[in-house]
Every structure is written in C-alpha cells, then in structure tokens.
Amino acid sequence: MTTRLEYRRLDERSGFPVLYYYDFIDKDEIALRFACDYFVKDGLVYEKTSCAIEISCYVIYVQVAEDEKALKSAGPVARQKPGIMMEVREFKEGTAHYPVVCTYTFQDDADAILHLQSQFLYLYGREWERTSTEIDEDRGVYVYYAQPTA
C-alpha cells in the first residue's frame, strides 16, 4: 500500500485544494509533521488547522499564517551528521528574531517525535515551555519554539 501525505488548503468552497503532496513517505515522518503547528514551504508559512486519515492518504489541512514570516536570512541548515535536525529557538513576543538555544540531531524518528510533542524541555539547567513547532522545509529542519519558564 502506498503511503501518501497531502497538504490541503482549508477552503471548503474550493474543495480543499491540494497544495503539496508526498508519495512513498514514511509513517514516522508523517507523525513528525502531524506534530507540527506550522509548515514552511516556498517562503510561505502555513498554520495547521487539523489532520485527517483517509482511506488513500494522510492529510494536513493548512491556511496561510498571515502574521508569520519565514526566516529569510537563513538558508538550508548545514548538517554535521545525518539524521533529523531540530532547532530549539527562544520565542519572544513582538519580534521576528528567535535565537537558537540548542540544536539536536536525532538518529531515531521516535526521539524526534517525542521531543516535538513534549510540552517542556530542560536545557542548560533551565526549563523551556513549548509555544509552537514547525517543519521548515525550505531549510530542512524542524523547529521547537519555547520560552524559559523562570
């Protein structure tokens, strides 16, 4: 059976048009993408509204996030080693600058999924609370936005 993922625009009047699709995609990668609040592709930021499982494919419904901007200055992430890359970035209200706190490279899909779904991470002796997550396909990285709790 073919595993297919579709990103569809949340627009009932237009029949939920397919924006992007991926054939032969691993179910673990689909789970990673289901865990993300945002999807960055072709310079646009989309907000996930819902996910669905249909008979023939998995679906993520999105709408353009008008108030969000893709990281323009950053190109593709330079990889030190193979695996799933995830940046932890500090979320600051009212700014477009989100400094990198930490970068992970996971060799196991389950570890990446668990980190993306975690409400809290402990880094450098501090507790960080998730504000949102995204897959930035333009840069080839997952991003975990968080704020320190204290």
Side-chain angles (χ1 to χ4, degrees), residues 1-92 96-123 128-147:
M1 180 177 153
T2 300
T3 305
R4 181 181 173 99
L5 172 67
E6 295 180 351
Y7 281 89
R8 295 182 190 165
R9 190 173 74 230
L10 185 67
D11 183 355
E12 188 172 2
R13 286 184 278 158
S14 297
F16 303 106
V18 175
L19 299 172
Y20 302 99
Y21 67 91
Y22 304 84
D23 286 324
F24 308 108
I25 186 170
D26 184 87
K27 286 184 182 178
D28 287 341
E29 185 173 348
I30 293 170
L32 281 162
R33 289 169 179 261
F34 269 29
C36 292
D37 303 305
Y38 294 94
F39 171 61
V40 179
K41 178 89 171 173
D42 299 330
L44 289 174
V45 179
Y46 297 93
E47 183 174 10
K48 177 183 77 177
T49 61
S50 60
C51 300
I53 299 174
E54 296 183 353
I55 293 170
S56 60
C57 69
Y58 296 86
V59 181
I60 299 174
Y61 292 94
V62 296
Q63 59 192 10
V64 173
E66 301 290 343
D67 57 339
E68 301 292 334
K69 302 279 187 258
L71 293 173
K72 298 272 186 226
S73 61
V77 172
R79 295 188 178 274
Q80 304 296 327
K81 52 189 170 182
I84 299 166
M85 296 280 302
M86 184 180 92
E87 296 174 338
V88 177
R89 289 183 171 265
E90 183 175 3
F91 177 78
K92 294 182 178 183
H97 177 67
Y98 308 112
V100 174
V101 175
C102 176
T103 302
Y104 290 98
T105 303
F106 300 104
Q107 301 306 314
D108 184 283
D109 293 346
D111 287 335
I113 292 166
L114 290 169
H115 276 75
L116 280 174
Q117 291 180 334
S118 177
Q119 197 67 29
F120 297 94
L121 292 178
Y122 297 88
L123 302 167
W128 294 80
E129 183 174 9
R130 182 186 70 216
T131 59
S132 66
T133 55
E134 77 182 16
I135 177 168
D136 185 336
E137 226 176 75
D138 291 348
R139 297 177 50 242
V141 65
Y142 289 89
V143 184
Y144 182 104
Y145 293 96
Q147 295 177 318

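Here the closest heavy-atom approach between residue Val18 and residue Glu6 is recorded as CG2-OE1, 3.5 Å. What you find for Ala70 and Val45 is that their closest heavy atoms are N-CG2, 3.4 Å. Contact record, Ala35 with Leu116: CB-CB, 4.2 Å, taken as the closest heavy-atom pair. Closest approach of Ile60 and Cys51 over heavy atoms only: CG1-SG, 4.2 Å. Between Ala146 and Thr131, the shortest heavy-atom contact is N-OG1, 3.9 Å. Between Asp42 and Asp138 the shortest heavy-atom distance is N-OD1, 2.8 Å.
Distance OG/Ser132 to CD/Glu68: 7.0 Å, rounded to 0.5 Å. Atoms CG and CD1, from Asp108 and Ile113 in turn, are 8.5 Å apart once rounded to the nearest 0.5 Å. How far CG of Asp23 is from CZ of Arg4: 4.5 Å, rounded to the nearest 0.5 Å. Put simply, CG on Asp109 and CG on Leu32 are 6.0 Å apart, with the number rounded to the nearest 0.5 Å. Here CD of Glu29 is found 11.5 Å from OG1 of Thr3. Values are rounded to the nearest 0.5 Å. In this structure, CD in Gln147 is found 9.0 Å from CH2 in Trp128, a value given to the nearest 0.5 Å.
Side-chain N or O atoms of Asp37 include one that pairs as donor or acceptor with a backbone N or O of Thr133 at under 3.5 Å. At least one donor-acceptor pair under 3.5 Å links the side chain of Thr49 to the backbone N or O of Tyr61. Side-chain atoms of Lys48 do not come within 3.5 Å of backbone N or O of Phe39 as any donor-acceptor pair. Put simply, the side chain of Ser118 gets close to the backbone of Phe120: a donor and an acceptor are under 3.5 Å apart. Panel note: side chain Glu90, backbone His97; no donor-acceptor pair is recorded below 3.5 Å.
Side chains of Asp111 and Tyr104: no donor on one and acceptor on the other come within 3.5 Å. Judged by distance alone, the side chains of Tyr58 and Arg33 never bring a donor and an acceptor atom under 3.5 Å apart.
Taking the six-membered ring for Trp and the full ring otherwise, the centers of Tyr145 and Tyr38 sit at least 6.0 Å from each other.
With Tyr7 as the aromatic partner, Lys41 does not meet the cation-pi criteria of under 6.0 angstrom to the ring centre and within 45 degrees of the ring axis.
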Handout entry: Test side chain to side chain contact (heavy atoms under 4.5 Å, CB included) applied to Tyr46 and Leu19, step by step
Key = CA-CA 11 Å; Tyr46 297 93; Leu19 299 172; 3.8 Å; yes
Exercise for the section: Let me see the working for Met85 and Thr103 under side chain to side chain contact (heavy atoms under 4.5 Å, CB included), right down to the final yes or no. Expected result: CA-CA 7 Å; Met85 296 280 302; Thr103 302; 3.5 Å; yes
Exercise for the section: Please test His115 against Phe106 for ring pair (Phe, Tyr, Trp, His ring centres under 6.0 Å), starting from the C-alpha separation and ending with a verdict. Expected result: CA-CA 10 Å; His115 276 75; Phe106 300 104; 4.7 Å; yes
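For Glu12, the CD atom counts as loosely surrounded, since its 6.0 Å shell holds 12 or fewer non-hydrogen atoms of other residues, nucleotides or ligands.
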